[in-house]
Amino acid sequence: RKQLEYRLFQQLRQSIADLRPRILFMAESLASLDFFQSLAEAARKYAWVRPKLHDGTDITIRAGRHPVVEAMAGPEGFISNDLYMDDKRRLLLITGPNMAGKSTVLRQSAIIVLLAQTGSFVPASHANIGIADRIFSRVGASDNLSQGQSTFMVEMMETARILRQATQKSLVILDEVGRGTSTFDGLSLAWAVVEDLLARPQGGIRTLFATHYHELTALEGRLAGIHNMNIAVREW
């Protein structure tokens, strides 16, 4: 009985193996249908719009939203944000109080660009996006103590990697660079990173830079391509 059972199992396994190309084809087809149907359902449910893509570097987003935060807070609890980047606004320096939404604006912008390039509609009322070759992110605080890397070391290694690899077609989001060390050292690092991102031979790299170092706002007018933005908070 055991021999018969094992022989039948081997026959079943071989018959399935013979159908491998057909099974893989159907699995890929179903996965694609599920992927696009899920995007379509989200677009219809949350009133996303079809973005326009172009080969330039300008980005225009009107009433952009973070899809996950909006789903958690509800449409009435999320304040949409506009974003405009061109040759004169290559690096947006975003300041504002804690919990004002600086990190949310950074992440939602990167998510909108990513969604647009996957063929999805995006959470905004209008989006005109220059295609990015890569999206770089330095957000949050984490360490890797088992490898001898402190929070500050991880932050600096990730920032250095971005500065080495980013191109004029890239999109970079940086959140609180330099916060892992003393105030003046952190300010000096953030200042140097801003200058490097804007001083590329082909032109500045598209960057959203959130910071608490208000001293950096003095760079507007001194470095071409930098533009100050502030997230306002109102209580009622």
Side-chain angles (χ1 to χ4, degrees), residues 48 51 57-73 77-86 89-118 120 122-125 127-142 151 154-156 158-163 165-180 186-187 189-191 193-194 196-198 204-214 216-217 219-220 225-233:
W48 295 2
T57 56
D58 293 0
I59 296 178
T60 301
I61 299 172
R62 296 191 195 127
R65 312 187 303 276
H66 191 300
V68 179
V69 176
E70 183 187 34
M72 297 294 292
F78 188 91
I79 306 300
S80 60
N81 302 278
D82 296 343
L83 179 72
Y84 179 60
M85 306 182 76
D86 60 9
R89 298 161 60 107
R90 303 296 294 174
L91 189 146
L92 300 182
L93 194 65
I94 304 172
T95 56
N98 287 320
M99 299 299 292
K102 298 188 298 297
S103 298
T104 301
V105 171
L106 264 62
R107 299 183 195 200
Q108 79 183 33
S109 302
I111 289 173
I112 288 173
V113 172
L114 181 61
L115 283 172
Q117 293 189 204
T118 63
S120 170
V122 299
S125 64
N128 193 347
I129 297 170
I131 294 176
D133 58 359
R134 300 174 78 173
I135 297 175
F136 294 94
S137 171
R138 163 87 279 282
V139 176
S142 62
T151 302
V154 170
E155 177 186 345
M156 289 298 98
E158 292 180 356
T159 303
R161 188 177 302 114
I162 292 172
L163 296 179
Q165 298 179 1
T167 71
Q168 190 183 19
K169 296 286 290 183
S170 302
L171 176 65
V172 178
I173 61 172
L174 297 171
D175 193 9
E176 304 292 358
V177 168
R179 65 180 166 186
L187 172 60
L189 286 166
W191 193 296
V193 169
V194 169
D196 187 80
L197 288 168
L198 289 173
I205 297 173
R206 292 177 293 182
T207 306
L208 299 176
F209 195 106
T211 185
H212 280 300
Y213 294 129
H214 292 275
L216 294 176
T217 58
L219 290 172
E220 185 180 44
I226 191 170
H227 181 75
N228 292 333
M229 298 185 70
N230 180 265
I231 295 188
V233 176

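Here the structure is a predicted model, which means the values were calculated and not measured.
- Note that OG1 of Thr104 is 12.0 Å distant from CD of Glu70, once rounded to the nearest 0.5 Å.
- With sequence neighbours excluded, no residue forms a salt bridge (Lys or Arg N to Asp or Glu O under 4.0 Å) with Arg206.
- Here the closest heavy-atom approach between residue Ile112 and residue Val122 is recorded as O-CG1, 3.5 Å.
- Looking at Lys102 and His212, their side chains come closer than 4.5 Å, going by heavy atoms from C-beta outward.
- When every heavy atom of Phe136 is checked against every heavy atom of Ser170, the shortest pair comes out as CE1-OG, 3.6 Å.
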Show your working on side chain to side chain contact (heavy atoms under 4.5 Å, CB included) between Leu208 and Met229 and close with a plain yes or no. CA-CA 10 Å; Leu208 299 176; Met229 298 185 70; over 6 Å; no
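- Looking only at side-chain heavy atoms (C-beta outward), Leu219 and Trp191 come within less than 4.5 Å of each other.
- In terms of heavy atoms, Ala116 sits closest to Ile129 at CB-CD1, 3.8 Å.
- No side-chain heavy atom of Thr211 sits under 4.5 Å from any side-chain heavy atom of Val177.
- Put simply, the side chain of Met156 reaches to within 4.5 Å of the side chain of Leu189, judged on heavy atoms.
- Between Ile135 and Leu114 there is a side-chain heavy-atom pair separated by less than 4.5 Å.
- Taking each heavy atom of Ile205 and Ala166 in turn, the nearest pair found is CD1-CB, 3.7 Å.
- Rounding to the nearest 0.5 Å places CD1 of Ile162 at 8.5 Å from CG of Leu197.
- Taken to the nearest 0.5 Å, the CD atom of Gln117 stands 9.0 Å off from the CG atom of Leu171.
- The shortest distance between side-chain heavy atoms of Ile111 and Pro67 falls below 4.5 Å.
- Listed by chain and number, the residues in a side chain to side chain donor-acceptor pair (under 3.5 Å) with Thr95 are Asn230 (sequence neighbours excluded).
- Side-chain contact between Leu93 and Glu220 is absent, with no heavy-atom pair separated by less than 4.5 Å.
- Residues Leu83 and Leu92 come closest through the heavy atom pair CD1-CD1, 3.2 Å.
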Yes or no on side chain to side chain contact (heavy atoms under 4.5 Å, CB included) for Leu115 and Trp48, after CA distance, side-chain angles and deciding distance? CA-CA 11 Å; Leu115 283 172; Trp48 295 2; 4.2 Å; yes
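- Note that the CZ atom of Arg89 and the CD1 atom of Ile59 stand 12.0 Å from one another [nearest 0.5 Å].
- Annotation: the span from Ser109 atom OG to His66 atom NE2 amounts to 9.5 Å, rounded to 0.5 Å.
- Using a 4.5 Å heavy-atom threshold, the side chains of Leu216 and Asn228 count as separate.
- Shown here are the salt bridge (Lys or Arg N to Asp or Glu O under 4.0 Å) partners of Arg90, two or more places apart in sequence or in another chain: Asp87.
- Contact detail for Lys169 and Thr57: the closest heavy-atom pair is CD-CG2, 4.2 Å.
- Within a 6.0 Å sphere centred on CZ of Arg62, other residues, nucleotides and ligands contribute 12 heavy atoms or fewer.
- Rounding to the nearest 0.5 angstrom, the gap separating the CZ atom in Arg134 from the OG1 atom in Thr167 is 8.5 Å.
- Test Ile173, Val194, Leu106 against Phe209 for side chain to side chain contact (heavy atoms under 4.5 Å, CB included) and you get one pass: Val194.
- One side chain, Asp86 or Tyr84, offers a donor N or O that lies under 3.5 Å from an acceptor on the other.
- The backbone N or O of Thr118 sits nowhere less than 3.5 Å from a side-chain atom of Ser120 that would complete a donor-acceptor pair.
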